[in-house]
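Values in this document were obtained by computation on a predicted structure and should not be read as measured data.
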Amino acid sequence: MHTVTDLPRADADLIGRFCDHLALERHLSENTVTAYRRDLAQLAVFCSRSGWRLTEMTHERLRRFLAQQSTRGYARATIARRVGAIRGFYRWAEARGEIDGDPAALLGRPKVASRLPGVLRPSEAAALVEAPGGDPIEAGRVADPEASNATVSSLALRDRAILELLYGSGLRVGEVAGLTRDRVDLHRGRVNVLGKGSKEREIPLSEFAVDALAAYLERGRPFLVPEGGSSPNLFTNRRRKPMTERDIRTMVAEYGGTTLSGRRVTPHTLRHSFATHLLEGGADIRAVQELLGHASVATTQRYTHVSRERLRAAYLRSHPRA
C-alpha cells in the first residue's frame, strides 16, 4: 500500500495540507481523515505513473482513474467514497487558488445499493446487554478486593455498562471509547457526548444504564484505573489503558457470539436496534435524529425502512391471506 511519503513532494504536501484542513477546520474524525488521505494517495500514485501532478488532472483523467479502480475489482462503495474524497479535495484546491478550475465538479459517483442495517429483537438485545452478569447490583460483588476474581468481576461490570450505553442510549462506538468520567451525570441521568465533527449533545440514560454505570464506578472502575493514580477515561481495559474502539468491538462480538448462537453483532448493531425500537415504539423521527446525532433527518429515515420491512415480514408470516 502506498503512503503519502512515497509520493512526489508537491503532491504529498498538497494532500497533507488538505488533510490538515479536514482535521483542524472541518473537525472530521481521525478515521475519516485517514480514509481521505489513503484515497488521495491512490489517485496521486495513478498520476505519478502517468507523468502528471494532482494539479494537472482533468475531468477525463479522473474518469480514467475511476475506470481503473473498477477494473481492479474495487467495490462500488469504495469507489463512491473515493469520488467523495476527490470532489472535496479539488473543491478545496480551487478555493485556495491551487488550480484554476475544478476537474471533479461533474464527476459522477457510482450508485451503491442501500442495505438495511441489521436489527436485534428487543428480547435479543436485552439478552445481549445482560450477558456480562445480569443484575448490575449483584454483578461484580466481591468479598475481598484483593481476591483473584476482582478483575474478572470488574470487567463484567464494565462490559455491562458499555452495552447499556450502546443499546440504551444509541451511542457510537467512538463516542463510548472517548467518554471521560466528568461527562457522566448519574444524578440527572444524562451523558454528554462528543460526536462527529466535535459536536456535543446530551443524551438521557435509561435506569438500567444508570444502575450499570453506578455499579461499575463503585465496584469495577477502581480495579481498572492505572495503579497509583487515576484516569480521566471512563472505560479502561484489563491492562489499565483507555478502551479503544477495537477493544469494544471485540467485546461486543464475543458476547454476541456466545449469547445469540454465533450471530455476528457489532456496536452499530446495537445503535441500529436502539433507533429502530424507538421508532417502532412511536418516537418522533426528529427526536431520534437528535439522539443519534445525525446532521440530516434523511440519515435517520433509513430506520423507518427497517421498521416497515419488519412490519411487512410480520404481516406475511402471520396473516392467512398474505
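Interatomic distance, CZ of Phe235 versus CG of Leu224, reported as 10.5 Å (0.5 Å rounding). Leu213 CG to Asp185 CG: the interatomic distance, rounded to the nearest 0.5 Å, is 11.5 Å. Distance check: Tyr216 OH to Leu155 CG gives 9.0 Å after rounding to the nearest 0.5 Å. The line from CE of Met57 to CZ of Phe89 is 10.5 Å long, rounded to the nearest 0.5 Å. Separating the CG atom in Asn237 from the CD1 atom in Ile248 is a distance of 10.5 Å, to the nearest 0.5 Å. Separating the CE atom in Met243 from the CZ atom in Arg158 is a distance of 4.0 Å, to the nearest 0.5 Å.
Residue-environment remark: CG (Leu106) stays at or below the threshold of 12 foreign heavy atoms within 6.0 Å. Within 6.0 Å of CZ on Arg64 lie no more than 12 heavy atoms contributed by other residues, nucleotides or ligands. Environment of CD in Glu200: crowded, with over 12 heavy atoms of neighbouring residues, nucleotides or ligands closer than 6.0 Å. By the neighbour-count criterion of 12 heavy atoms within 6.0 Å, atom CZ of Arg91 is sparsely surrounded, having that number or fewer from other residues, nucleotides or ligands.
A heavy-atom distance below 4.5 Å is found between the side chains of Val83 and Leu66. Within the 4.5 Å cutoff, no side-chain heavy atoms of Leu166 are placed close to those of Val129. In this structure, Phe18 and Tyr36 have side chains that are in contact, with non-hydrogen atoms separated by less than 4.5 Å. At a threshold of 4.5 Å between non-hydrogen side-chain atoms, the residues Leu171 and Leu270 do not count as touching. At least one side-chain heavy atom of Ile86 sits under 4.5 Å from a side-chain heavy atom of Phe65. In this structure, Glu94 and Asp100 have side chains that are not in contact, with every pair of non-hydrogen atoms separated by 4.5 Å or more. Residues Leu217 and Leu234 have side chains in contact (heavy-atom distance under 4.5 Å, counting atoms from C-beta outward). Looking at heavy atoms from C-beta onward, Gln42 lies in side-chain contact with Tyr74 at the 4.5 angstrom threshold.
Using a cutoff of 4.0 Å between basic side-chain nitrogens and carboxylate oxygens, Glu202 and Arg188 are scored as salt-bridged. Looking at Arg9 and Asp13, no side-chain N of the basic residue comes within less than 4.0 Å of a carboxylate O on the acidic one, giving no salt bridge. Under a 4.0 Å N-O distance rule, the pair Glu245/Arg172 does not qualify as a salt bridge. By the 4.0 Å N-to-carboxylate-O rule, Glu254 lies too far from Arg249 to be salt-bridged with it. Salt bridge present: Asp11 and Arg53 bring a charged side-chain N and a carboxylate O closer than 4.0 Å.
Gly220 approaches Leu157 most closely through the heavy-atom pair N-CD1, 3.8 Å. Taking each heavy atom of Arg201 and Leu291 in turn, the nearest pair found is NE-O, 2.9 Å. Residue Ser154 comes nearest to Arg219 through the heavy atom pair OG-O, 3.7 Å, listed as atom of the first residue, atom of the second, then distance. The two residues Gly189 and Val210 come nearest to each other via the heavy atoms CA-CG2, 4.2 Å. Taking all atoms of both residues into account, the shortest heavy-atom contact from Val288 to Ala283 is CG2-CB, 3.9 Å. Of all non-hydrogen atoms in Leu54 and Cys47, the two that sit nearest each other are CD2-SG, 4.0 Å.
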Test Glu25 against Arg96 for salt bridge (charged side-chain N to carboxylate O under 4.0 Å, His left out), laying out the working first. CA-CA 14 Å; Glu25 297 180 34; Arg96 296 300 191 281; 3.4 Å; yes
Go through it in stages, so that I can follow the logic: the residues are Leu205 and Leu186, the test is side chain to side chain contact (heavy atoms under 4.5 Å, CB included), and I'd like the CA-CA distance, side-chain angles, deciding distance and then a yes or no. CA-CA 8 Å; Leu205 296 171; Leu186 297 183; 4.2 Å; yes
Determine, step by step, whether Tyr167 and Arg271 satisfy the side chain to side chain contact (heavy atoms under 4.5 Å, CB included) criterion, reporting the C-alpha distance in whole Å, the side-chain angles of both residues, the deciding distance to 0.1 Å, and the verdict. CA-CA 6 Å; Tyr167 174 59; Arg271 178 171 160 87; over 6 Å; no
Side chain to side chain contact (heavy atoms under 4.5 Å, CB included) assessment of Leu7 paired with Ile15: CA-CA 10 Å; Leu7 306 176; Ile15 292 174; 3.9 Å; yes
Quick one, Ser273 with Thr276, criterion side chain to side chain donor-acceptor pair (under 3.5 Å). Give me CA distance, side-chain angles, the key distance, then yes/no. CA-CA 5 Å; Ser273 302; Thr276 302; over 6 Å; no
Start with the C-alpha gap between Leu22 and Thr32, add the side-chain angles, then the distance that decides, and say whether side chain to side chain contact (heavy atoms under 4.5 Å, CB included) holds. CA-CA 9 Å; Leu22 296 178; Thr32 300; over 6 Å; no
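Hydrophobic cluster membership is shared by Ile79 and Val45, with clusters built from Ile, Leu, Val, Met, Phe, Trp and Tyr side chains linked at under 4.5 angstrom. Linking ILVMFWY residues whenever their side-chain heavy atoms come closer than 4.5 Å, directly or via other members, leaves Leu179 and Leu194 in distinct clusters.
In terms of modelled atom types and a separation under 3.5 Å, the side chain of Thr259 and the main chain of Tyr255 share a donor-acceptor contact. Of the possible polar contacts, one joining the Asp247 side chain to the Thr244 backbone as a donor-acceptor pair under 3.5 Å is found. When atom types are taken as modelled, the side chain of His277 and the backbone of Val119 share no donor-acceptor pair closer than 3.5 angstrom. One N or O on the side chain of Arg181 and one on the backbone of Val184 form a donor-acceptor pair closer than 3.5 Å.
When each of Thr34, Leu28, Val33, Leu14 is tested with Cys19 by the rule side chain to side chain contact (heavy atoms under 4.5 Å, CB included), just one qualifies, namely Val33.
In this structure, a donor-acceptor pair under 3.5 Å is absent between the side chains of Thr236 and Asn233.
In this structure, Arg61 is not positioned above the aromatic face of Phe46 in the sense of NZ or CZ being under 6.0 Å from the six-membered ring centre and within 45° of the axis.
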